[in-house]
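Notes to accompany the following structure.
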Amino acid sequence: MIEKINKIKEELAGLKAANAAEVEQLRIKYLSKRGEISLLMNDFRSVPAEQKRELGQKLNELKNYATERINALKESFAAQADNAAADIDLTRTATPMPVGSRHPLSTVKNDMLRIFAGMGFTIAEGPEIEDDWHVFSSLNFPADHPARDMQDTFFIARNPADILLRTHTSSVQTRVMEKTQPPIRIVCPGRVYRNEAISARAHCFFHQVEGLYIDKNVSFADLKQVLLYFAKEMFGAQTKIRLRPSYFPFTEPSAEMDISCDLCGGKGCAFCKGTGWVEILGCGMVDPNVLEACGIDSKVYSGYAFGMGIERITNLKYRVKDLRMFSENDVRFLQEFEAAR
Ligand code: DAH
């Protein structure tokens, strides 16, 4: 029996387990009712009386030692399990997802459309790939007008019809007038293309909002009032406007509109080149030739039109120095407009 006790003691000294399940196996092997130590306890009954004292003590020591060893192993695995649980910090926030922001051109476009919608204008859109008729001919461009030149226009096909990328959203005017009889009151937002060298101040594509109002007895005074209201809504109630005579094939008379420079309050600064004014759009009374080309009786109806660049308006509001930033998709630039959403 002594031998058995010593053998088990040796085994216990070198006891090893790879995981908690193996520890449990060892517990069953040594300490359960049918375990090796319990079996020795059974044998103990038949031990001669004079050896009982010594063996009894040894057996008890063995049992305590086994309990101690197995508990120590158990604890080491319990601690490991705790550590594994501790690696997952349940109080941590989930992986942060960067929230996107609206592109500044979209924000400004939406502002513009909201202002005109408030005056009863509805939105009309047209294709970016256009034909000569909608972009030029219907809008009273003479056949030899320089805007048709290859240097300004991206032509897609020369024959049989001239297919091109629209150079302005005025083409949507024609598309709507061809299909609708007055009253017509529309704003046409969209992308336009011009064959320009890309620089801080020019790009081969940009965005415009075109406006058109056709009805009986529409006057230049109506145009001026609508544009003044727009300027004040867009740039603040202190904003002044001025109209300078200009030329566009599709309007007669034509004008360009300036707003008072809000950087210097009209006193004159580097931004407005000392004039106190900055140009924001072109406008005029729709030329009777355009109405007739689109099937509208110019003796009954008159109307006004205006067109402006969304990049230009955005620059005036946010002073973006380089046009290219609008299309480079640099998130650092876009994030600067998060507050303006
Ligand atoms: N289409 C012109 C451009 O691209 C802008 C414009 C000027 C539109 C005068 C108009 C207008 O409707 O009346 O520069």
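Side chains are part of it too, since the values below use all heavy atoms of this structure and drop only hydrogens, waters and symmetry mates. Just so you know, residue 1 is the first one in the sequence shown, and it goes up from there. Atoms within each ligand, like the ligands themselves, are counted from 1 in listed order. Because the structure is predicted, anything quoted here is derived from the model rather than measured.
Counting heavy atoms closer than 4.0 Å to ligand 1, residue E256 contributes nothing at all. Under 4.0 angstrom from ligand 1, there are no non-hydrogen atoms of Y304. Contact annotation: for E210 versus ligand 1, heavy atoms closer than 4.0 Å belong to the side chain alone.
Y304 and F121 have tilted rings, their planes meeting at an angle from 30° to 60° on a 0 to 90° scale. The aromatic rings of F337 and F333 stand perpendicular to each other, their planes meeting at an angle above 60°, with 30° marking the opposite boundary.
H168 has its ring centre less than 6.0 Å from the ring centre of F250. Taking the six-membered ring for Trp, F326 and F205 have ring centres at least 6.0 Å apart.
Between the side chain of Q181 and the main chain of G295, a donor-acceptor pair closer than 3.5 Å is present.
When each atom of ligand 1 is checked for a heavy atom of G284 under 4.0 Å away, the hits are 13 (O). Set against the non-hydrogen atoms of A305, the atoms of ligand 1 under 4.0 Å away are 12 (O), 13 (O). Which parts of ligand 1 touch Q173 is read off a 4.0 Å heavy-atom cut-off, strictly below it: atoms 12 (O). Contact atoms of ligand 1 toward R194: 3 (C), 4 (O), 14 (O) (distance under 4.0 Å to a heavy atom of the residue).
In terms of polar-atom proximity, T167 is not counted as a contact of ligand 1, lacking any N or O under 3.5 Å from an N or O of the ligand.
Taking the side chain as every heavy atom from C-beta outward, M285 and P253 approach each other to under 4.5 Å.
Among all protein heavy atoms, the one lying closest to atom 2 (C) of ligand 1 is F250 CZ, 3.9 Å.
Taking each of G309, S170, G282 in turn, the one with a heavy atom nearest to atom 9 (C) of ligand 1 proves to be G282.
A side-chain donor from one of Y30 and E11 sits under 3.5 Å from a side-chain acceptor of the other.
Judged by the 6.0 Å and 45° rule, R319 forms a cation-pi pair with F271.
Ligand 1 has Q208 within reach: a non-hydrogen atom of the residue lies less than 4.0 Å from it.
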